[in-house]
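Presented below is the structure to which this report refers.
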Amino acid sequence: MAIAHAAPSGYLERPRPSGLADVIDIILDKGLVIDAYVRVSLIGIELIVIDARIVIASVDTYLRFAEAVNRMDLTKTDDSDTLPELLDEIREGASSSKTKGAIDGAKEKLGIGGGDDDDDDNGKKSTRSRSTSGGSRRKAKDD
Amino acid sequence: MTEVHVFGVISAADGAPSGARTIAHRDVAAIVNEAQPDRTVATALLRAHSRILEEVAREATVLPVRFGTVMVDDRAVVDEFLAPSHDLLAARLAELAGKVQLSVKAFYEEEALLRGVVEGSPAIARLRERVRGLSPDAGYYERIRLGELVNAEVERARERDAAVVFGRLEPLAVDASNEPISTPDSAVNAAFLVERPRMDEFSAAVVRLGKEFEGRMRLRYVGPQPPYSFAGDDAKPGVPAWA
């Protein structure tokens, strides 16, 4: 399970430039669309990402949540890892390479490896090996 | 004839960012550079797209163009895009002048979240106990059911937490947009259109929110970005977004 690290103080005082994860999240399917008849091409990777978001409430997500709650030790009160938990973490690490989420697939197609994500140091952690769920799109104002 | 990659539109009075040039038509200008012959290096192109637009957004107002848009040559950019869409582009630039997008994303500390879910729902706690006693194969459908119930609780938590984020930050913004989340540990993916003079006030509110959420959620605060969520996606009035 992820261990909570104290956030570095002042990390929210100024907004940060976009990291690659932000680019995928928000940039890819946004912006003015120029008429298809007059442009040469529109690189087709946004389709992959839209595909990835369709996995919103998938069996993958359910199984992952089920696994996570099953692993949880509800009697645990302190923060020290017990041996079974450490073993779980090792197993989790091993299995996460087998069960890849759609975003990973999309990122692989984009040639985006976890290792080159140097500008994405803040915020998301260990989200890469998980399957995806895309929220329903709605403007806050429309609610 | 050199194909050009189109990144965004600015006022012709604003300068080009590094690594790009502008093609002006009357008072608007497209930010472009020479299209890469190899369009398979999507990562590099994505980074370039984001960096170029963000550099402009630091000082000026920019309308982003959909990632990966390539046109035949400079003339096509004027004749097929800037000229026919001039009034729309000029109006959008005027509307968005002096405003930037700031994105606030919240991610759950998963253990704390799921602990709360199990402890808050007797039905989930009971099913969890039952599933724990079953072999993975025997308990397959029970596990899916358990995950489904947990997921529903997580969805409810997202709605509650989004309401808090928007309740706190939307009053400081001109507009707000609830964006889709992209990972299971995502709580909220919110975009705000903020007037530049109010950025510090907005940032202070984000800091307060981050303190409140500590231990339960981590925040990621990104910007100033071009108004990706507020610039619209139709380049011409009356033309469907996905032609």
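Order of the sequence lines sets the chain letters (A, B, ...), proteins ahead of strands, with each chain counted from 1. In this text, all values refer to a predicted model and were calculated from it rather than measured experimentally.
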[X] versus chain A, heavy atoms under 4.5 Å apart: side chain, backbone, both or neither?
X	result
B:D79	neither
B:V117	neither
B:V118	side chain
B:Q225	side chain
B:L102	side chain
B:E129	neither

Close side-chain approach of B:K105 and B:S186, heavy atoms under 4.5 Å: no
Between A:R14 and B:S203, is there a side-chain heavy-atom distance shorter than 4.5 Å? no
With a 4.5 Å cut-off on heavy-atom pairs, point out which of [options] contacts chain A the most.
options	result
B:G223, B:G210, B:P64	B:G223
B:V65, B:V207, B:I144, B:L146	B:V65
B:K211, B:M199, B:E148	B:E148

Is B:R128 reaching over with its side chain to a backbone N or O of A:M72, donor-acceptor style, under 3.5 angstrom? yes
Salt bridge B:D185-B:R218, side-chain N to carboxylate O under 4.0 Å: yes
Where do B:L114 and A:A68 come nearest, in terms of heavy atoms and distance? CD1-CB, 3.4 Å
May I ask you to decide if the ring planes of B:H49 and B:F67 are parallel, tilted or perpendicular, using 30° and 60° as cut-offs? perpendicular
Compute whether any side-chain donor of one residue and acceptor of the other, for B:E153 and B:S121, lie under 3.5 angstrom apart. no
